[in-house]
Structures are given as C-alpha cells and as structure tokens.
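Take a look at the structure set out below.
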Amino acid sequence: MKFEFNIARRYLFAKKSHHAINIISGISAFGVAVATAALVCILSVFNGFGDMVSNLFTAFDPELKIMPTSGKYVPADVDELTNLRNDPDVAVYTEVVEDQALLSANNRQVMVTLKGVDSTYTKQTDFERIREGQGEFVLGSMDLIDYGVLGIHLLEQLDISLDELKGIDVYAPRKGEHIDLNDPVESFNCEQLFSPRVAFRVKQAKYDANYAITSIDFTRRLFERQGYVTAIELRLKDGCDAERAKQRIRSQLGDAYSVLDRYEQQEDTFRIMKVEKLLSYIFLTFVLIIASFNIIGSLSMLIIDKRNDVQTLRNLGANQRQVARIFLFEGWMISLLGAVIGIAIGLALCQVQQTFELIKFGAGDGNYIINAYPVSVHLWDIVLIFFTVAAVGLISVWYPVQHFSKKYTAGE
C-alpha cells in the first residue's frame, strides 16, 4: 500500500509530459474546492440562523416545560409536581395557567394566548432582554387593578400606546356552558386588565402578536380553574447538565407528563430548519459529485501518459491491482486536496462574514431582526464535509480507474 501511495503522490505533484494534464488536474481540484467551500458556507449560515432563533426563544421559553400528556389542566398540588420544588437541579419553579381568551379595546378584538404566571416568573425569564417601554413590569393585582404585559404587536393591533395606562376587556367562555346566541355575553367570564406601560418584543410573531402575560390568579379566576395549572416551567441551576436533568425528571414523572426542553418546545420551527439544512447538504453533495467527474478525465489522460511507467512497474513485479491502486490514490488525493483547500476557503469566508457582515439583508437599514446573514461554524459539520468529499472522491473514481487501467495497461 505504501508503494502505491508514494508513486501516486509523485504523479500528483510531478510535471507531466503533456501540460494539459496538469491543467485538468488543477481544474478538478479547484472544482472540488469550490463545492466544498459552498458546503461550509451554506451549512454555517443555517447554523447561524438556528443559533439566532434559539437565542430569541431563550428569552421567553423556559429551560424545561412540564405539561400533562392528556388533557390541558392538572391539579397544582399533586406530589410528583410539587416535589420538584426541592429537586437538586431546579433553581426556579413556576406555575402556569395558559389558555385562549379574547381581548377587546378601542373597538378592536383579538384572540390571544393568555399566560398566567406566579411571582417567580421574573426569576424564570430574563425579561429585560425583551422589554419595551419605560413602565414597571407588574403582573399581580395592585389597588384592585390587574395588570397584563402584552406583546408589542398585540398592543398595535389593539391600538394601545405604550405611554398610556389603558384598560383592556378580557373574555373567556364560562366553564361547562354553551354559548347562548340570544345573549352571548352572558356565556362569557369578563375581566379587565391594564397595560402597565411596558410590553415585550421577542421578535417572533408567534409571541409578539399573540401572547399576553398576567398573574396566575387572574387566569385561574377568568378560566374558573382554581388550584389547577396547565404547565410547570423550570429553570435549572447554573452548571447543571440540562439533558441529564431532563431525562431524570422525565423518568421520575412517568408517562403522565411531557418534559420539553427549548428545542422541543419549538419542535416545528427547528425541524423545518433541520430539513432545509439537510436538503441543502444533499443538493450541494450532488454538485460535488458533478465536480468530481473532472477528476475522471484527468486520470484517464494520466493513465495513457504513464503507460511506459506502468509497463516498467509490471516488469518489476507489480500486478494489475497494484497499478489500479496507484491511480485510485491519485484521484483520491486530488479530491482530498480540493477538500482541504475548500474547507480553508469556506472557513475564511465565514470569518470575514462574521467580522465585517459583508452580505446584508436588504439595504441593512435595520428593518430586519438582524442586519447581515448570521454565520456559525460547527466542528461536526466540517468533519462531515471532509468525509463526504473523501467518500464522493473515492466512489467517483473507483470504477473509471479499474476500467481505464485494464484497457490501457493490461497485457503490455
């Protein structure tokens, strides 16, 4: 094996009798390098978008969320849940009642998800990251007034300014009642919330236009669910292994509850991004395969050019398999050379984009969440790309080498 590799290495860098062979070999390596660099850049951009979306959701979604697997509500005082307050990995335990409600203000009505939380919510979520306005973040009842913090786009839909302390009517169907078409208002519980001159902006329409946060006492009263919760949100202690804690809590609670991390809470969003990344990888791999076809032309010309050398090797005792292996290594080294160059170019381009943000969204005038395409290089993507190029290069040249080496060198 070392004998074949050394000769292949010499053929790769040595000057050929026909200069065109050197040019075609260079073009082959360049084609593989371009396809490899494209793989590095495209996958890194998808990683950047994934990290960006994850950071956005981190400001609103809890680290772990526990929900009943059947039904929506569960008693808040069941032992398997309350025991988590003293769990060694849990830093903050927050009770949540979340359900649909109708908000009405300024002759405008919007269906929203009303999320009631207890007093630990401010420790659960870094609200300052998503805060809008100069008011005070207040959820509980003060001076017989209930406060609710709305998404910034939800305030716009209700035509409420951040500068005004505005009352908002909140409606929810009464428990177990059918709507009376003659007097539908009587079939609803009606309460009033006030916006405390503060809102949140997660930069995701799912939250900014559809969520309102208030106290759990308010939602329990509105939905007639005293003593119940729809979810428990957990914040883990610093340094805790989140995956290990999730699996342990999941096994501790059993099948009656779902324990979701942030990625599982946004499973649809991240699944779509993973599918898009996979499809891009497959598409660019096909481009890489096409680029590898140039290597076949280079090798066929090299085999013809080295017929005399091959005859000498055969006279010295080399068999047909060893001869074929020489040119197989030659083609593979062209692929690997292109892979190394392409990865280096791709990493350099990613670094330039991270540093200077050359490729921007639109005019880069701040109309988007971010001004430029995000880039995040993951080590395992680089490893995957390298082995993909190596495998494609080996597979693409194996049969042509076997065919041409037999055709032009056998029996001489």
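Predicted model, so just to flag it, every value in this text is computed and none were measured.
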Exercise. Do the side chains of Y147 and L165 get nearer than 4.5 Å, heavy atoms only?
Worked result: yes
For this session: Heavy atoms only: give me the nearest V392-S292 pair and the separation to one decimal.
Result: CG1-OG, 3.6 Å
For this session: List the steps and the verdict of side chain to side chain donor-acceptor pair (under 3.5 Å) for D217 and S215.
Result: CA-CA 5 Å; D217 293 334; S215 69; 5.2 Å; no
Exercise. Can you name the nearest heavy-atom pair linking V149 to P196, along with the distance?
Worked result: CG2-CG, 4.1 Å
Exercise. Among side-chain atoms of T120 and T94, is any donor-acceptor pair under 3.5 angstrom?
Worked result: yes
For this session: Name all residues meeting the salt bridge (charged side-chain N to carboxylate O under 4.0 Å, His left out) criterion together with K72; count only those two or more places apart in sequence or in a different chain, and write none if there are none.
Result: D99
Problem set entry | Sidechain-backbone polar pair: W332 side chain, A390 backbone, donor-acceptor under 3.5 Å | yes
For this session: To the nearest 0.5 angstrom, please state how far the CD1 atom of I345 sits from the CD1 atom of I341.
Result: 6.5 Å
Problem set entry | Side chain to side chain, W398 and L328, heavy atoms closer than 4.5 Å | yes
Problem set entry | Derivation of the side chain to side chain donor-acceptor pair (under 3.5 Å) call for T69 and S258 | CA-CA 6 Å; T69 52; S258 299; 5.4 Å; no
Exercise. In a check of side-chain contact (heavy atoms from CB on, under 4.5 Å) between L234 and each of D87, V259, I249, V92, which one passes?
Worked result: I249
Exercise. Do the side chains of I152 and L162 get nearer than 4.5 Å, heavy atoms only?
Worked result: yes
Problem set entry | OG1 on T219 to CD1 on I213, rounded to 0.5 Å | 12.0 Å
Problem set entry | Expected output: side-chain D169 to main-chain Q192 donor-acceptor under 3.5 Å | no
Seminar exercise, completed: By side-chain contact (heavy atoms from CB on, under 4.5 Å), E264 pairs with (sequence neighbours left out) K246, R250, L260, D261
Exercise. What residues, two or more places apart in sequence or in another chain, satisfy side-chain hydrogen bond (donor to acceptor under 3.5 Å, both in side chains) together with S104?
Worked result: none
Exercise. At their closest point, which heavy atom of P374 faces which heavy atom of G48, and how far apart are they?
Worked result: CG-C, 3.6 Å
Seminar exercise, completed: Between R220 and A76, the two heavy atoms sitting closest are NH2-CB, 3.7 Å
Exercise. Restricting to pairs with a member in residues 270-302, which pass ring-ring contact (aromatic ring centres under 6.0 Å, His included), not counting sequence neighbours?
Worked result: Y263-F270
Exercise. Is the number of heavy atoms from other residues, nucleotides or ligands under 6.0 Å of R85 CZ greater than 12?
Worked result: yes
Side-chain donor-acceptor pairs of residues 199-206 under 3.5 Å, sequence neighbours excluded:
unit_1 : atom_1 : unit_2 : atom_2 : d
R201   : NE     : E132   : OE2    : 3.0
K206   : NZ     : Q266   : OE1    : 3.0

Exercise. Judged by modelled atom types alone, do K175 and N189 share a side-chain donor-acceptor pair under 3.5 Å?
Worked result: no
Can you give me every donor-acceptor pair (side chain of residues 347-359, partner residue at least two apart or in another chain, under 3.5 Å) with its distance?
unit_1 : atom_1 : unit_2 : atom_2 : d
Q351   : NE2    : T355   : OG1    : 3.1
Q353   : OE1    : L358   : N      : 3.2
Q353   : OE1    : I359   : N      : 3.1
Q353   : NE2    : I359   : O      : 3.0
Q353   : NE2    : Y373   : O      : 3.2
Q354   : NE2    : V375   : O      : 3.0
T355   : OG1    : Q351   : O      : 2.8

Exercise. With sequence neighbours left out, what residues match T113 under side-chain contact (heavy atoms from CB on, under 4.5 Å)?
Worked result: E98, Q100, Y211
For this session: For atom CZ of F194, decide whether the heavy atoms of other residues, nucleotides or ligands shown that lie under 6.0 angstrom number more than 12.
Result: yes
Exercise. Does anything in residues 378-397 pair up under salt bridge (Lys or Arg N to Asp or Glu O under 4.0 Å), and if so which pairs, sequence neighbours excluded?
Worked result: K277-D381
Problem set entry | Side-chain touch E224/R174, heavy atoms, less than 4.5 angstrom | yes
Problem set entry | Neighbour count >12 (heavy atoms, 6.0 Å) for atom NZ, K237 | yes
Problem set entry | S376 to D51 - nearest heavy-atom pair and separation | OG-OD2, 2.8 Å
For this session: Report yes if the side chains of V96 and V229 come closer than 4.5 Å at any heavy-atom pair, otherwise no.
Result: no
Seminar exercise, completed: Tightest non-hydrogen contact, residues I66 and L253, listed as CG2-CD1, 3.7 Å
Problem set entry | Residues S28 and S298: side-chain donor-acceptor under 3.5 angstrom | no
Exercise. CD of E243 to CG of L64: how many Å apart, nearest 0.5 Å?
Worked result: 9.5 Å
Exercise. Between D159 and N107, does a side chain to side chain contact (heavy atoms under 4.5 Å, CB included) hold up when you go through it step by step?
Worked result: CA-CA 9 Å; D159 194 23; N107 296 319; over 6 Å; no
Problem set entry | Audit row: E233, K115, side chain to side chain contact (heavy atoms under 4.5 Å, CB included) steps and yes/no | CA-CA 12 Å; E233 296 184 352; K115 180 175 182 177; 2.8 Å; yes
Exercise. Step by step, would you call R108 with Q157 a side chain to side chain contact (heavy atoms under 4.5 Å, CB included)?
Worked result: CA-CA 8 Å; R108 299 187 179 189; Q157 292 179 61; 5.7 Å; no
Exercise. Can you check whether L336 reaches V389 side chain to side chain, under 4.5 Å on heavy atoms?
Worked result: no
Problem set entry | From CG (L39) to CD1 (I42), nearest 0.5 Å | 8.5 Å
For this session: Among residues two or more places apart or on two chains, list those pairs meeting ring-ring contact (aromatic ring centres under 6.0 Å, His included) that have a residue in residues 61-118.
Result: none
Exercise. Taking C-beta and beyond as the side chain, do E63 and Q265 meet within less than 4.5 Å on heavy atoms?
Worked result: no
Exercise. L302 versus F327: any side-chain heavy-atom pair under 4.5 Å?
Worked result: yes
Seminar exercise, completed: Exactly one candidate in V78, L84, N83 meets side-chain contact (heavy atoms from CB on, under 4.5 Å) with E80; the answer is V78
Exercise. Rounded to the nearest 0.5 Å, what separation is found between the CD atom of E330 and the CZ atom of R9?
Worked result: 12.0 Å
Problem set entry | Partner set under side-chain contact (heavy atoms from CB on, under 4.5 Å) for C190, not counting sequence neighbours | Y171
Exercise. OG1/T269 to CZ/F49 distance, rounded to the nearest 0.5 angstrom?
Worked result: 14.0 Å
Exercise. What residues, two or more places apart in sequence or in another chain, satisfy side-chain contact (heavy atoms from CB on, under 4.5 Å) together with A256?
Worked result: none
Exercise. Please walk me through it: do E276 and L279 pass side chain to side chain contact (heavy atoms under 4.5 Å, CB included)?
Worked result: CA-CA 5 Å; E276 290 176 340; L279 291 177; 5.8 Å; no
For this session: Could you tell me which residues satisfy salt bridge (charged side-chain N to carboxylate O under 4.0 Å, His left out) with D89, sequence neighbours excluded, listed by chain and number?
Result: R244, R248
